[in-house]
Amino acid sequence: MKSKDNVKTRFKLYKAGKMWLIAGTTFLALAGLGSVTVHADSNNLNTQSAQSTVATNQDVKVESTQSQDNNVVTVQNNGVTTPAQADSNKQDNSATDSKNATVPAQTDSNRQDNSAAENKDATPAQADSNKQDNSATDSKDATPAQSDSNKQDNSATDSKDATPAQSDSNKQDNSATDNKNVADQANSTSVNSDTTSNTNANNQKVALLAADNQTDGWNTDHTQYTQGGQLLTGVHNIDGTYYDFDENHNIVKNNYVQSQWGLWYMFGNDGRIATKVTPWAGTYYYFDPLTYLRVDNNYVQSQWGSWYMFGNDGRVVSGVTQWAGTYYYFDPYTYLRVDNNYVQSQWGTWYMFGNDGRIVSGVTQWAGSYYDFDPTTYLRVDNAYVQSQWGAWYMFGNDGRIVSGFHELNGQQYFFDLNTYQMVKEHWANTGSEWRYFDGNGQLTSTDFVTSIANGAMQTWYKYGVLPSVSIAQAICESNWGTAAPGNNLFGIKGSYNGQSQLLWTWEVYNGQSVHIQDWFRVYPTANESVNDHGSFLYENSRYNNLLWDNNYYSVCNKLHQDGYATAPTYANTLINIIHASGLDQFDEGL
C-alpha cells in the first residue's frame with residue numbers, strides 16, 4: 001500500500017497538464033509488466049477521455065465550473081455520498097458555530113482534522129495528534145483578525161510550505177481520502193470490466209477538478225462565500241469587516257451567535273458584525289467598536305452622541321439603576337439619564353436625582369423650594385425637624401417642602417425665618433402681621449405690648465429716621481410696658497394732640513432734686529398713633545436732628561439724653577439695658 005506522500009506526489013503529477021502523457025505511458029507500461037488482462041478498447045477510451053479533458057488549463061476550468069458542490073467529490077469505494085452523508089462526515093471548525101454547542105472542553109474533544117477522518121477508528125489521542133493550525137481559532141483570547149489569519153482548509157496543512165495555489169491543488173474531500181489505494185489497485189490488480197475502469201478514472205478526474213477550481217467570492221444572492229475553493233463556516237474577515245456563516249454555509253443576519261473560538265458576536269441586518277448600540281430581541285445592546293464584544297454594566301456613548309447605561313445582561317437600562325457606587329435613573333422611553341428631577345422608580349417609590357444624575361440625599365433645592373432626602377433610604381423626609389448636611393436644622397412639612405413662618409409642632413407654635421428657613425430662637429420675628437418674640441426653645445412667648453407697637457416703631461424709621469429699638473425702649477421705659485399710659489401716651493409727651501390733652505402728676509428732676517408736679521400731657525386714640533407722633537416730635541424739633549437716621553442704638557440713646565429729652569441722669573443707660581434685655585436691637589437688623 002502506498003504512503004500518503006506518494007499519493008500527493010501523484011496528485012500533483014496529474015495536475016501538471018503537460019505531464020499527462022507521461023502518466024498515461026507509465027500506467028500502460030505497468031499494466032503490461034504485470035501481465036494484467038485489459039480490454040484495449042476501454043483502456044484507450046479512458047486514456048483519450050482523460051487527455052481531452054485535462055489537456056489544457058482552460059479545459060480544467062470548464063470541468064470545475066460544472067462541479068462546484070463539494071459533496072460531489074466525496075468518494076467512498078465505488079459510490080458518491082449524498083449531501084446528508086457528506087455533512088455527517090464533515091468535522092471542520094464550523095461545528096463550533098452552532099448555538100447548541102456543548103462546553104468548550106466537549107467541542108474541543110469532538111473537533112478532528114480532515115486527515116483524522118482517514119481512520120474512522122482513531123482514538124481521541126490520535127485525533128488530537130492529527131489536529132492542525134485550525135485549533136488555534138479555538139482560543140478564547142484570539143482576536144477575529146488572528147483567528148482569520150490562522151484559519152486554513154484542513155487539507156492545506158499537508159504541506160506547510162505549500163503556497164495558497166498549491167494548497168488548493170492538494171484539497172480533497174474526506175471521503176476521497178478514504179479510497180487511497182485506487183491508483184495502486186489500478187496498477188497491481190486486473191480490471192475485469194470496462195465499468196470498473198471507467199469509474200476509477202472518472203472519480204479521480206472529478207476529485208481533481210472540484211478540488212482545484214472552486215470560484216472564490218460571494219455567490220449571486222450574497223448569502224454564501226467561497227474561499228480557497230471551500231464554502232465558509234464560522235466568523236471570517238471579508239472586505240474589511242466580519243461575517244458569520246452557519247453550519248449550512250449561509251450568512252447569519254440579525255442574530256447574536258457564538259464564534260468558533262467561543263466568544264459571542266452580534267451580526268446585523270446586512271450580515272456585518274455589529275458595533276455600538278444595536279437593536280435585537282426587543283431591546284438594545286452595545287458592542288465595543290474595537291473588540292466587537294458586548295458591553296455589560298457600563299455607561300457608554302452611542303454612535304449618535306447620546307449616553308446610555310447597559311446592565312449586567314447587556315440590555316439597555318431603564319428605571320433606577322445602581323452603578324459606580326451610587327444610583328441613577330434612566331427614562332423608560334428614551335433610555336437617557338434623568339438629571340435634576342424627582343421621579344417614580346420601577347417599584348413605586350419616589351427619588352430625587354441631581355444635576356449629575358446621581359441619587360440625592362440631604363437638603364436639596366428643587367422646583368423653587370427645598371426638600372430633604374434620607375441619607376440611608378434616599379426617600380423624601382416629610383413633617384420632621386432634621387439637621388442638614390452642613391449642620392443647620394430645618395423643618396419640612398407634610399408635602400416635604402421646607403417650612404417658613406409659623407408652624408405647629410407637638411402642640412407648640414414655632415416660627416421659621418422667611419429668608420433663612422431656620423427656627424427663630426431668643427429673637428423677635430416679624431410674623432407678617434405683627435412682631436412676636438420666641439424664647440430659647442423657639443416657642444412663642446407672650447409679649448403683647450412690644451407686639452402691639454413694633455410695626456409702628458418700624459414705620460418711624462422709614463418716615464422720620466428714628467431707630468426702632470430706641471423708640472420701643474422709650475415706650476417701655478415711659479409707660480412701664482404699657483401699664484402706665486393714660487390716654488395711650490406711651491412717651492410722656494406734654495401738650496395736646498389734635499386738641500386733646502390731660503392734666504397728670506409726674507416726677508421731674510430740678511437741680512438734682514426729684515419734684516412731683518402736675519402738667520398737661522397729650523391724649524391719643526391708639527398706641528400706634530402715640531408711636532407715630534413720637535417719631536414726628538423728634539423729627540420736627542431741630543434739637544434732635546443729630547440722632548435721626550443713626551442706626552447705632554448706643555449713640556442714639558446718649559444723644560436723646562444730651563438733647564434734653566429726659567431730665568434723669570441715667571436715662572441713656574436705662575434705655576440701653578432695656579434694649580439688651582428684650583433683644584430689641586433685632587428690630588434694627590438690616591436697616
Side-chain angles (χ1 to χ4, degrees), residues 435 447-582 584 587-588:
W435 287 79
T447 53
D448 293 340
F449 176 68
V450 175
T451 298
S452 65
I453 65 172
N455 286 335
M458 294 296 297
Q459 292 302 316
T460 61
W461 168 261
Y462 298 111
K463 289 174 67 176
Y464 307 117
V466 178
L467 199 61
S469 61
V470 175
S471 181
I472 296 172
Q474 280 190 283
I476 292 171
C477 177
E478 298 288 344
S479 68
N480 191 26
W481 294 88
T483 60
N488 292 316
N489 191 334
L490 301 177
F491 300 91
I493 300 176
K494 297 177 180 180
S496 65
Y497 177 76
N498 293 334
Q500 301 297 315
S501 62
Q502 57 182 339
L503 184 63
L504 298 173
W505 286 95
T506 185
W507 291 94
E508 299 285 350
V509 176
Y510 296 104
N511 298 320
Q513 297 294 321
S514 180
V515 179
H516 196 218
I517 64 170
Q518 278 187 317
D519 208 340
W520 292 94
F521 290 87
R522 298 181 182 186
V523 175
Y524 302 96
T526 65
N528 277 328
E529 288 188 65
S530 175
V531 173
N532 183 73
D533 187 54
H534 170 259
S536 176
F537 173 79
L538 296 178
Y539 181 78
E540 292 175 355
N541 285 275
S542 58
R543 61 177 177 171
Y544 301 115
N545 285 345
N546 59 340
L547 59 83
L548 301 179
W549 312 111
D550 187 347
N551 59 5
N552 184 318
Y553 67 89
Y554 283 97
S555 173
V556 174
C557 290
N558 282 294
K559 288 176 181 179
L560 272 174
H561 179 256
Q562 293 170 8
D563 294 340
Y565 185 90
T567 58
T570 59
Y571 188 71
N573 289 333
T574 299
L575 294 180
I576 291 172
N577 290 336
I578 292 173
I579 291 171
H580 283 170
S582 302
L584 300 180
F587 289 99
D588 302 337

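All values below come from the heavy atoms of this structure, side chains included, with hydrogens, waters and symmetry mates left out.
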Output, in order, the C-alpha distance, side-chain angles, deciding distance and verdict of side-chain contact (heavy atoms from CB on, under 4.5 Å) for Ile453 and Val531. CA-CA 7 Å; Ile453 65 172; Val531 173; 3.9 Å; yes
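- In this structure, Trp435 and Phe587 have tilted ring planes: the angle between them lies in the 30° to 60° band.
- Taking CD1 from Ile476 and CG from Leu584, the interatomic distance works out to 5.0 Å, rounded to the nearest 0.5 Å.
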One pair to check against side-chain contact (heavy atoms from CB on, under 4.5 Å): Trp549 and Leu467. What are the steps and the verdict? CA-CA 7 Å; Trp549 312 111; Leu467 199 61; over 6 Å; no
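- For an aromatic pair to be called close, the ring centres must be under 6.0 Å apart, and His561 with Tyr571 fails this.
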Going through the checks in order, is the side chain to side chain donor-acceptor pair (under 3.5 Å) test met by Asn489 and Ser530? CA-CA 6 Å; Asn489 191 334; Ser530 175; 4.6 Å; no
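- Looking at heavy atoms from C-beta onward, Met458 lies in side-chain contact with Pro468 at the 4.5 angstrom threshold.
- Listed here is the closest heavy atom pair of Ile578 and Cys477: CD1-CB, 3.8 Å.
- Of all heavy-atom pairs spanning Gly487 and Gln502, the tightest one is N-NE2, 3.4 Å.
- Proximity of Asn551 to Trp461: side-chain heavy atoms (C-beta onward) are separated by under 4.5 Å at one or more points.
- The two residues Ser582 and Trp481 make their nearest non-hydrogen contact at OG-CH2, 3.4 Å.
- Between Phe449 and Ser479, some side-chain heavy-atom pair lies under the 4.5 Å cut-off.
- In this structure, Leu560 CG and Gln562 CD are separated by 9.5 Å, a value rounded to the nearest 0.5 Å.
- Between Leu490 atom CG and Thr526 atom OG1 the span is 9.0 Å, to the nearest 0.5 Å.
- Between Asp550 and Val556, the shortest heavy-atom contact is O-CG2, 3.3 Å.
- Of the candidates Phe537, Trp520, Tyr524, Tyr524 is the only one forming a ring pair (Phe, Tyr, Trp, His ring centres under 6.0 Å) with Tyr497.
- Lys494 has a carboxylate O that lies under 4.0 Å from a charged side-chain N of Asp519, or vice versa, which qualifies the two as a salt bridge.
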Could you check Lys463 against Asn532 for side-chain contact (heavy atoms from CB on, under 4.5 Å), going step by step and ending with a plain yes or no? CA-CA 9 Å; Lys463 289 174 67 176; Asn532 183 73; 2.9 Å; yes
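- Separating the OG atom in Ser536 from the OH atom in Tyr464 is a distance of 4.5 Å, to the nearest 0.5 Å.
- With contacts defined as side-chain heavy-atom distances shorter than 4.5 Å, the pair Ile517/Thr506 qualifies.
- Applying the 6.0 Å contact sphere to CD of Gln518 captures more than 12 heavy atoms from other residues, nucleotides or ligands.
- Of all non-hydrogen atoms in Lys559 and Asn546, the two that sit nearest each other are NZ-O, 3.0 Å.
- Ring centroids of Tyr553 and His580 are separated by less than 6.0 Å, placing the two rings close together.
- A donor-acceptor contact shorter than 3.5 Å is absent between the side chain of Thr570 and the backbone of Asn573.
- Note: Asn488 CG to Arg522 CZ = 14.5 Å, rounded to the nearest 0.5 Å.
- Between the Ser555 side chain and the Asn552 main chain, no donor and acceptor come within less than 3.5 Å of each other.
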Between Asn480 and Thr483, does the side chain to side chain donor-acceptor pair (under 3.5 Å) criterion hold? Intermediate values first, please. CA-CA 6 Å; Asn480 191 26; Thr483 60; 3.2 Å; yes
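- Between Leu575 atom CG and Cys557 atom SG the span is 4.5 Å, to the nearest 0.5 Å.
- Closest non-hydrogen pair, Asn545 versus Tyr539, comes out as OD1-O, 3.8 Å.
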For Asn455 and Asn528, run side-chain contact (heavy atoms from CB on, under 4.5 Å): C-alpha distance rounded to whole Å, both residues' side-chain angles, the deciding distance at 0.1 Å, then the answer. CA-CA 8 Å; Asn455 286 335; Asn528 277 328; 5.6 Å; no
